Amino acid sequence: MRAVLPLDDPRRPASDSSPLIDPMIGDLPDPVPGPGEALVAVEAAGLNHADLHQLRGTYPPPPGESGVPGLECSGRILIPDGSSDKPGNWKAGDRVMALLGGGAHGTRVAIPAGQLMRLPDNLSFLEGAAIPEAALTAWTNLVAEGGLEPGETVLVSGASGGMGSFTVQLARELGARVIASGRDLERLGPVKALGAEICQAGPELPARVREITEGTGGSGVDLVIDFVGGSELDGHLSTLRRQGRLVLLGLLAGDEAKLDLGRILSRRLRITGSVLRARPRSEKARLTADFANFALPRLADGRLRAIVDRVVPFEQAAEAYAALDRGGVAGKIVLSMTA
């Protein structure tokens, strides 16, 4: 198979440059699916910041996962299962999309059957590749970690990216009132069409949130989904009502923050750190099944949709990685294996 070579592949040239982002493509043996895994011919794969960090050497794959980057893909099943019980009743030729611990940036990948989802007939492989990581991240942090209830108000930071834009849609479908924030108000424009009632950029965010929530006592939002962290974190905490919750799942603004601890104590705020990749496969399977039950009908009828910024041929993966590293991407960058 053709794949982005793992960081420790001996064919990679020695380099003194740091940080390293070199999506060097080469030939590797096809993966052999183990018990409970399906072998999938990859048609398209999404690109995430985790892939950049992996090739910098700062975010290695969990033990037992492929060293090839890539956390989401779409394709067709070649071998339904490496064992005899065939969970999920998958068959060769089925169109699927999947969440992975690694390996999506290759033309073949072995995927735990519990992390497969059927690709709705109305979606292309390119659209399907843009969904799993963003969708399962949104579901995990809105529902499993954030405990979002219908009628609550949620603030989604960094809302213009692939993760944020799907989180806005899903929160809307879960019955929440959605406020979207980011650094560039112009880039937030399309997010409003996805279900954000208000879009706000800049340091005025906390005051604007209090103004927006005045009809409910002006106390702030119930939940913050924070993709940004760093120096932005304290401002996001200040938008929370008493006993509000913040789920931190990204560090785009850095991994250090100065916080008003008195506010956290007096308002009894809850901060939850969350990662998806390192969770056990059994937990990912439960999250995938719960999300699929809720969301696949909504993807099929268009209430939820993939947001694709651009499609790049797989052999030009270096261009795609560089574009994500530069920033300013609205939606997902998708690698096409067949373009």
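Any value given below was found using the heavy atoms of this structure, including those in side chains, with hydrogens, waters and symmetry copies removed. Everything numeric in this text was worked out from a predicted model, so none of it was measured.
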Heavy-atom pair with the smallest gap, counting every atom of Ala104 and Met337: O-CE, 3.6 Å
Are the side chain of Ser74 and the backbone of Glu43 linked by a donor-acceptor contact shorter than 3.5 Å? no
Crowding at CG, Asp121 (>12 non-hydrogen neighbours, <6.0 Å): no
Please determine whether the number of non-hydrogen atoms from other residues, nucleotides or ligands lying under 6.0 Å from atom CZ of Arg11 exceeds 12. yes
Does some side-chain heavy atom of Gln243 sit less than 4.5 Å from a side-chain heavy atom of Leu269? no
Is any side-chain heavy atom of Arg245 less than 4.5 Å from a side-chain heavy atom of Val224? no
Salt bridge between Glu319 and Arg310, side-chain N to carboxylate O under 4.0 Å? no
Do Thr239 and Thr213 have side-chain heavy atoms sitting under 4.5 Å apart? no
Cation-aromatic face contact Arg277/Tyr59, 6.0 Å, 45 degrees: yes
Note: Leu7 and Leu55 closest approach over all heavy atoms is CD1-O, 3.5 Å
Determine, step by step, whether Met163 and His49 satisfy the side-chain contact (heavy atoms from CB on, under 4.5 Å) criterion, reporting the C-alpha distance in whole Å, the side-chain angles of both residues, the deciding distance to 0.1 Å, and the verdict. CA-CA 10 Å; Met163 296 283 193; His49 282 90; over 6 Å; no
Would you check, one step at a time, whether the test side-chain contact (heavy atoms from CB on, under 4.5 Å) holds for Met24 with Val4? CA-CA 6 Å; Met24 180 179 177; Val4 174; over 6 Å; no
Specify the closest pair of heavy atoms between Val312 and Ile333, including all atoms of both residues, with the distance to one decimal. CG2-CG2, 4.2 Å
Could you walk me through whether Leu299 and Met97 pass the side-chain contact (heavy atoms from CB on, under 4.5 Å) check? CA-CA 12 Å; Leu299 286 165; Met97 54 186 179; 4.0 Å; yes
Could you tell me whether the side chain of Ile307 reaches within less than 4.5 Å of the side chain of Gln169, counting heavy atoms only? yes
Ion pair present between Arg12 and Asp22, side-chain N to carboxylate O less than 4.0 angstrom? yes
Between Pro62 and Ala278 the two heavy atoms that sit nearest each other are CG-CA, 4.2 Å
Derivation of the side-chain contact (heavy atoms from CB on, under 4.5 Å) call for Leu142 and Leu223: CA-CA 8 Å; Leu142 286 170; Leu223 174 66; 4.1 Å; yes
Check ion pair Glu145-Arg270 (N to O, under 4.0 angstrom): no
Considering all heavy atoms of both residues, which atom of Glu72 and which atom of Glu133 are nearest to each other, and what is their separation? OE1-N, 2.7 Å
Contact between Asp226 and Val247 at the side-chain level, heavy atoms closer than 4.5 Å - yes or no? no
For the pair Asn293 (side chain) and Ala289 (backbone), establish whether a donor and an acceptor sit closer than 3.5 Å, ignoring hydrogens and angles. yes
Checking Asp81, Leu78, Ile77 against Leu39 for side-chain contact (heavy atoms from CB on, under 4.5 Å), the one that qualifies is Leu78
Can you give me the closest heavy-atom contact between Gly230 and Ala257, atom names plus distance? O-CB, 3.1 Å
Report whether Leu194 and Val154 are members of the same hydrophobic cluster (ILVMFWY, side-chain heavy atoms less than 4.5 Å apart, transitive linking). yes
Per the salt bridge (charged side-chain N to carboxylate O under 4.0 Å, His left out) rule, which among Arg305, Arg303, Arg298 passes with Asp301? Arg303
I want to check something: taking the side chain as every heavy atom from C-beta on, are Leu259 and Ile264 in contact at a cut-off of under 4.5 Å? yes
Other residues, nucleotides, ligands: >12 heavy atoms within 6.0 Å of Arg279 CZ: yes
Any side-chain heavy-atom pair from Ser181 and Val156 closer than 4.5 angstrom? no
Would you check if the distance from the ring center of His236 to the ring center of Phe227 is below 6.0 Å? no
Flag side-chain contact, heavy atom, 4.5 Å: Arg76 against Val96: no
Pair Asp222, Arg242 - check salt bridge (Lys or Arg N to Asp or Glu O under 4.0 Å), show working. CA-CA 8 Å; Asp222 299 281; Arg242 188 174 300 276; over 6 Å; no
Rounded to the nearest 0.5 Å, the CD1 atom of Ile225 sits from the OG atom of Ser274 at a distance of 8.5 Å
Phe314 six-ring centre to Arg2 NZ/CZ under 6.0 Å and within 45° of normal: no
Are a donor atom and an acceptor atom from the side chains of Arg241 and Ser219 found within less than 3.5 Å of each other? no
